[in-house]
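All ligand and atom numbering here is 1-based and tracks the order in the structure. Starting from 1, each residue takes its place in the sequence as its number. Keep in mind that what you see is a predicted model, and the values were worked out from it rather than measured.
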Amino acid sequence: MLKNKLSQIKKEALAKIKATNSSKELENLRIQYLGKKSEFKKILRSIKDLASQEKKVIGPLANQIKENIEKTLQSRKEEIAEEKEKKEEWIDVTAPGKRNTLGHLHPLSIVQRDIEDIFVALGFEIADGPEIETEFYNFDAVNIPADHPGRDMQDTFWISQEKDRQPGSGIVLRTQTSSVQVRYMEKNKPPFRIIIPGRVFRNEATDASHEHTFHQFEVLVVGEKVNVANFLFVAEEFFTQFFQEKIKIRLRPSYFPFVEPGFEFDISCTSCGGKGCSVCQQTGWLEVGGAGMVHQNVFQTAGYPRNKYQGFAWGFGIERLAMMKYKIDDIRLFHSGDLRFIKQF
Ligand code: FA5
């Protein structure tokens with residue numbers, strides 16, 4: 001009778017343990033079948049009252065069943081833990097990969113590096129100078145003394161401008177990379193070919209093509225026999241390499257105090273090839289900067305003898321070139337911090 005009951009308990013317990021998938025449920029089954037209030041424990045407690053013949057059979061059988069249930073509980077517990085682990089660690093090798101976002105160069109840095117590479121390959125050196133500059137190097141040294149109307153051409157951020165100062169001693173945020181011309185020439189003798197890329201500042205209202213902070217690159221080539229033909233060759237070579245297409249150049253007479261003669265420098269429109277479109281306002285030409293043959297007054301300020309050397313210089317806007325290359329219609333996008341713009345490069 002008891003023997004049957006024990007077998008019944010064992011059968012029922014093992015079936016339920018094997019059927020469960022939850023470790024909580026497993027614990028409940030342990031309490032139900034082996035706990036203090038379980039049917040099984042009641043039977044164990046009653047063994048002492050059995051006849052000794054029966055005790056010998058039921059005692060070991062009960063122990064065997066207890067061990068059997070405990071073992072089954074334990075191995076099911078391990079199986080459930082293993083299944084859980086497998087589920088959590090499962091990797092779907094067919095799922096599309098997630099690409100990490102990598103940092104990259106700003107479009108202006110890309111363009112500046114492109115420009116530098118082209119000139120370095122042409123045998124130029126790269127020079128630079130301070131962004132916070134004396135009035136002397138920014139203006140006086142390049143033939144724009146105080147009260148010269150040329151100062152009005154570039155609205156200036158003044159850092160200090162004392163009333164009874166020495167001429168040229170004021171401090172400005174440089175308005176042009178031409179400010180580095182005399183700094184370089186004071187320390188170097190011709191012949192030389194340099195480019196001076198850098199940031200410049202102008203106290204002017206911004207619009208789609210004007211920023212208060214932008215970049216220029218100055219080209220300065222000085223020697224005893226440098227002429228306008230050399231200038232045209234270098235310019236044509238540069239633009240053809242930069243835009244990877246044949247670019248035509250047009251010079252218009254213009255005035256910059258530090259060159260004589262001076263030119264406004266245009267290139268054939270990179271959008272329409274010169275036919276006329278909205279980008280070039282139907283003219284077929286785009287203005288990129290100023291240029292000219294270096295004024296002898298500038299050489300003299302740098303300490304060179306007058307009329308011994310000749311040279312050409314230009315100052316072009318880097319943003320304007322980047323806008324042409326990448327067809328960007330608003331200069332303010334460069335420093336807007338808008339990632340939708342930056343991520344396109
Ligand atoms: C100059 O700055 C002269 N230093 C250039 C030069 C150098 C002439 C050597 C002769 C010899 P300008 O002010 O025109 O010139 O500026 C040159 C170029 O800088 C412009 O053609 C334009 O491409 C760019 N630029 C000027 N102002 C701005 C502005 N506010 N925002 C963006 N680009 C500008």
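Around atom CZ of R340, no more than 12 heavy atoms belonging to other residues, nucleotides or ligands sit under 6.0 Å away.
Judged by a 6.0 Å distance limit and a 45° cone about the ring axis, K66 is not positioned over the six-membered ring of F40.
Ring orientation note: the planes of F157 and H212 are nearly perpendicular, at an angle over 60° on the 30°/60° scale. In this structure, F334 and H106 have tilted ring planes: the angle between them lies in the 30° to 60° band. Ring geometry for F316 versus F217: interplanar angle over 60°, hence perpendicular rather than tilted (30 to 60°).
Contacts of E218 with ligand 1, taken as heavy-atom pairs under 4.0 Å, involve the side chain alone. When non-hydrogen atoms are compared, ligand 1 lies under 4.0 Å from the backbone of W314 (N, CA, C, O) but not from its side chain. Contacts between Q216 and ligand 1, counted as non-hydrogen atom pairs separated by less than 4.0 Å, involve the side chain only. By the criterion of a heavy-atom distance under 4.0 Å, neither the backbone nor the side chain of V200 is placed next to ligand 1.
The six-membered or imidazole ring of F265 lies near that of F239, with a centre-to-centre distance under 6.0 Å. If you look at F214 and F201, their ring centroids are not closer than 6.0 Å.
Between the side chains of E211 and H335, no donor N or O sits under 3.5 Å from an acceptor N or O. Between the side chains of E218 and S178, at least one donor N or O sits under 3.5 Å from an acceptor N or O. Between the side chains of Q176 and Q216, no donor-acceptor pair of N or O atoms lies under 3.5 Å.
Checking only distances, Q181 never comes within under 3.5 Å of ligand 1, N or O to N or O. Among the atoms of E211, some N or O lies under 3.5 angstrom from an N or O of ligand 1.
Closest protein heavy atom to atom 22 (C) of ligand 1: R320 NH1, 3.3 Å. Protein heavy atom nearest atom 13 (O) of ligand 1, with residue, atom name and distance: R202 NH1, 2.8 Å. Ranking the protein heavy atoms by distance from atom 33 (N) of ligand 1 puts F214 CD1, 3.3 Å first. Looking at atom 15 (O) of ligand 1, its nearest protein heavy atom turns out to be F256 CE2, 3.5 Å.
Atoms of ligand 1 found under 4.0 Å from any heavy atom of G289 (numbered from 1 in listed order, with element): 21 (O). In the vicinity of A291, heavy-atom distances shorter than 4.0 Å reach the ligand 1 atoms 8 (C), 10 (C), 11 (C). Contact atoms of ligand 1 toward S209: 31 (N), 32 (C) (distance under 4.0 Å to a heavy atom of the residue). For ligand 1, the atoms closer than 4.0 angstrom to any heavy atom of S178 are 4 (N), 7 (C). In summary, the atoms of ligand 1 found under 4.0 Å from a heavy atom of V259, numbered by their order in the structure, are 11 (C). Near E204, meaning under 4.0 Å from one of its heavy atoms, ligand 1 places the atoms 30 (N). Listed by number with element, the atoms of ligand 1 under 4.0 Å from a non-hydrogen atom of F258 are 3 (C), 4 (N), 6 (C), 7 (C), 8 (C), 9 (C), 10 (C), 11 (C).
Considering Q176, H215, E264, H210 only, the shortest heavy-atom separation from atom 3 (C) of ligand 1 involves Q176. Across G315, G317, G290, heavy-atom proximity to atom 24 (C) of ligand 1 is greatest for G317.
A salt bridge does not link E27 with K24: every distance from a Lys NZ or Arg NE/NH1/NH2 to an Asp or Glu carboxylate oxygen is 4.0 Å or more. A salt bridge does not link E125 with R193: every distance from a Lys NZ or Arg NE/NH1/NH2 to an Asp or Glu carboxylate oxygen is 4.0 Å or more.
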